[in-house]
Q: 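My questions will all concern the structure given below.
All chains are named by letter (A, B, ...) in the order of the sequence lines, taking the proteins before the strands, and each is independently numbered beginning at 1.
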Amino acid sequence: MTVRLRFSPSPTGYFHVGSGRTALYNWLEARRRGGTFILRIEDTDTERNRPEWVDGIQSAMRWLGLDWDEGPFFQSQRLSLYQEAAAHLVSHQAAYYCDCTQEVVRERTKANATPGYDGHCRERGLGPGPGRALRFRVPDEGSTTVVDVIRGMPTFDHATIEDFVVVRSNGSPLFVLANVVDDIDMGVTHVLRAEEHLPTTPKYVLLHRALAPGHELPVFAHVPVLVDERRQKLSKRKHKVALEDYREQGVLPEAMRNYLALLGWAPGGNREILSLDELVAEFRLEDVNSSPAFFDERKLLHFNGEYIRALPVDDFVARSQPFLDDGPWAKEDFSPAAFRDLAPLVQERVKTLGEVPEMVDFVFLPEPPLDAKAWDKRVVRGLAARDVLEDAIGEYALCSWDAQVLHDVTAAVGERHGLGLAKAQFPIRVAVTGRDVGPPLFESLAVLGRQRTLERLRAALARLGE
RNA sequence: GCCCCCAUCGUCUAGUGGCCUAGGACACCACCCUUUCAAGGUGGCGGCACGGGUUCGAAUCCCGUUGGGGGUGCCA
């Protein structure tokens with residue numbers, strides 16, 4: 001039998017990393033088993049849905065490389081299906097109408113030991129109508145066991161499950177109903193979703209049995225939630241966890257994908273960096289952990305650095321382009337050739353593509369950006385800084401313009417003033433690039449050119465003299 | 001409160017009764033390399049929550065405790 005998995009987000013906020021991982025796991029399991037991956041948008045709560053979030057879901061998934069075989073389906077366009085299901089429940093006495101308002105229920109059950117709806121309308125024989133919600137009649141006795149590949153078999157006593165609402169009093173279906181109806185209709189074989197859904201799963205099972213008696217239940221897999229440093233569930237409200245933010249920051253989708261895959265799952269052996277093909281081949285739902293994982297941005301960034309460094313230089317250049325386009329320099333001052341020369345040196349120094357512009361901005365800006373602290377420390381208070389600058393100007397004016405030559409010449413300059421190269425290069429670096437960190441200096445000078453280098457050296461001297 | 005889930009270094013994890021003196025990675029520290037910063041190399045710090053069982057033997061199995069989390073909506 002071919003497996004069918006679905007990812008069914010609701011468009012109630014931007015797409016966050018936790019959703020990304022759930023989508024990825026669904027996709028991985030579907031691909032590995034040669035099954036079908038379905039995208040279904042659960043937008044039954046019209047109050048909270050927004051079309052831009054729907055676009056966000058799809059673009060985030062495309063960015064991660066998670067292509068779907070069917071869909072996107074929209075529950076808002078499948079309402080008649082849910083109505084039919086509701087009618088079926090009513091005609092089979094599996095559900096009943098209720099006109100209790102939330103306030104009334106709360107008031108009435110306040111004193112009860114078990115909170116929740118008390119079954120007040122069970123025997124009242126109410127028909128449909130305005131202000132009347134449809135409730136599922138949960139058996140009083142017995143229990144429901146959920147078979148979950150990563151959690152075992154949690155069991156829930158029916159006594160602890162209230163008669164839950166499946167259709168709102170305004171006629172719209174609730175998540176729990178639409179979800180089950182669609183899974184049955186779409187032949188979903190594996191329900192892989194976040195752990196927070198585990199407590200409502202017995203309702204899913206009860207509904208499934210009532211709606212499709214004899215049909216096999218899907219296999220459940222509740223993956224642990226992602227948490228913050230305080231071990232609280234990552235939420236859209238409180239945390240900066242939108243996939244989009246990482247994308248804009250210059251995180252590579254393959255790095256994000258790899259990192260996400262490892263949050264709750266590990267391949268055999270001491271490996272961490274895995275290609276998509278390896279992920280597909282080795283991922284196993286059964287091996288997913290059951291405890292919550294902390295989304296560690298530092299490790300993500302480490303992965304990203306690994307992926308950036310592994311890129312062929314031309315790819316690195318191409319993928320840096322969008323970030324270069326937003327650089328702080330005038331567009332016409334950017335030189336692809338100059339960037340290409342520095343690219344290999346930049347590539348091994350950044351953790352995100354967003355850091356690329358500041359590594360090379362001194363080349364494309366008319367004046368070097370000024371890092372006041374670096375200027376003060378390495379030029380104003382730097383050892384023999386003035387002498388080094390003056391001496392360097394003299395040498396640089398005459399030597400041939402080549403990184404190796406510049407290196408040797410500068411080493412000689414340093415020696416004359418009792419400094420090693422490491423110290424001697426500082427005033428020059430700050431004068432020319434504005435900072436005391438950056439790509440190797442002599443290669444940078446080679447790209448900048450003799451004239452601009454000398455100008456900046458002289459400007460620094462002038463500034464020092466003030 | 002009630003229901004459910006979870007528990008190995010700070011973090012992500014390997015581990016499925018002997019191979020564990022508990023392995024790897026991130027982070028951190030030191031050293032090496034070195035024109036800065038990175039990268040790389042070497043080393044270090046650091047963990048089986050606790051208490052009972054079961055067993056010749058337990059990180060691994062069982063029970064309890066504690067701690068953490070999720071749910072408890074006419075949200076998903």
Q: Taking only the C1' atom of each, what is the distance from C12(B) to A7(B) in whole angstrom?
A: 15 Å

Q: Cation-pi check, Arg450(A) to Tyr396(A): give yes when NZ or CZ is under 6.0 Å from the six-membered ring centre and within 45° of the ring axis, no otherwise.
A: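 Here Arg450(A) fails the 6.0 Å and 45° test against Tyr396(A).
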
Q: Does any nucleotide pair with C2(B) by Watson-Crick or G-U wobble geometry, both distances under 3.5 Å, and what is it?
A: G71(B)

Q: Detail all sub-3.5 Å separations between protein N/O atoms and N/O atoms belonging to nucleotides 43-51 of chain B.
A:
none

Q: Would you mind pulling out the nucleotide paired to A7(B), Watson-Crick or G-U wobble, both distances under 3.5 Å?
A: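 Base partner found: U66(B).
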
Q: Using a 4.0 Å heavy-atom cut-off, does Pro440(A) contact any base of the nucleic acid, only the sugar-phosphate backbone, or nothing at all?
A: base

Q: Distance between the C1' atoms of C31(B) and C19(B), in whole angstroms?
A: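 Between the two C1' atoms, the distance is 33 Å.
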
Q: Can you tell me the pairing partner of C28(B) across any strand shown, Watson-Crick or G-U wobble, with both distances under 3.5 angstrom?
A: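 Partner of C28(B): G44(B).
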
Q: I'd like the P distance from G41(B) over to A27(B), given in whole Å.
A: 13 Å

Q: For Tyr82(A), give me all partners under ring pair (Phe, Tyr, Trp, His ring centres under 6.0 Å), at least two apart in sequence or on another chain.
A: none

Q: Which nucleotide sits closest to the side chain of Glu195(A): G70(B), C3(B), C5(B)?
A: C5(B)

Q: Quick one: ring-ring contact (aromatic ring centres under 6.0 Å, His included) pairs with a partner in residues 404-439 of chain A, sequence neighbours left out?
A: His407(A)-Phe442(A)

Q: Going from CZ on Arg257(A) to CG on Leu24(A), what distance comes out if it is rounded to the nearest 0.5 angstrom?
A: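 Rounded to the nearest 0.5 Å, the CZ-CG separation comes to 8.0 Å.
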
Q: Of the options C12(B), A7(B), U35(B), whose atoms approach the side-chain atoms of Arg231(A) most closely?
A: C12(B)

Q: State which of U35(B), C6(B), G71(B) makes the closest approach to the side chain of Glu443(A).
A: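 Closest nucleotide among those given: U35(B).
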
Q: When you compare C6(B) with C29(B), how far apart are their C1' atoms, in angstrom units rounded to a whole number?
A: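 Between the two C1' atoms, the distance is 33 Å.
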
Q: Can you check the distance between C61(B) and G18(B), where both ends of the measurement are the P atom (answer in whole Å)?
A: 12 Å

Q: Mark up nucleotides 22-27 of chain B, 5' to 3', with B wherever a protein heavy atom is under 4.0 angstrom from a base atom, S wherever such an atom reaches only the sugar-phosphate, and - elsewhere.
A: -BBBSS

Q: Can you tell me, in whole Å, how much space there is between the P of G15(B) and that of A30(B)?
A: 34 Å

Q: Sort me out a list of protein N/O and nucleotides 74-76 of chain B N/O pairs below 3.5 Å, or just none if empty.
A:
unit_1, atom_1, unit_2, atom_2, d
C74(B), O2, Ser169(A), N, 2.8
C74(B), O2, Ser169(A), OG, 3.0
C74(B), N3, Ser169(A), OG, 3.0
C74(B), N4, Cys100(A), O, 3.0
C75(B), OP2, Arg168(A), NE, 2.3
C75(B), OP2, Arg168(A), NH2, 2.7
C75(B), O4', Arg48(A), NH2, 3.2
C75(B), O3', Arg168(A), NH2, 3.2
C75(B), O2', Asp45(A), OD2, 2.6
C75(B), O2', Arg48(A), NE, 3.4
C75(B), O2', Arg48(A), NH2, 2.8
C75(B), O2, Arg48(A), NH2, 3.1
A76(B), OP1, Thr44(A), OG1, 2.6
A76(B), OP1, Arg168(A), NH2, 3.0
A76(B), OP2, Phe175(A), N, 2.9
A76(B), O2', Ser10(A), OG, 2.9

Q: Rounding to the closest angstrom, what is the interatomic distance between C45(B) and G40(B) at atom P?
A: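 Looking at atom P only, C45(B) and G40(B) are 22 Å apart.
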
Q: If you check every side-chain atom of Ser290(A), which of A7(B), C3(B), A39(B) has the closest atom?
A: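 In terms of side-chain proximity for Ser290(A), the closest of A7(B), C3(B), A39(B) is A7(B).
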
Q: What's the CG-C1' distance between Asn304(A) and A39(B), to the nearest Å?
A: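 Nearest whole value for this atom pair: 15 Å.
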
Q: For RNA chain B, determine which residues of residues 422-434 of chain A have any heavy atom closer than 4.0 angstrom to one of its atoms, and list them numerically.
A: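 Correct list: Ala422(A), Gln425(A), Phe426(A), Arg429(A).
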
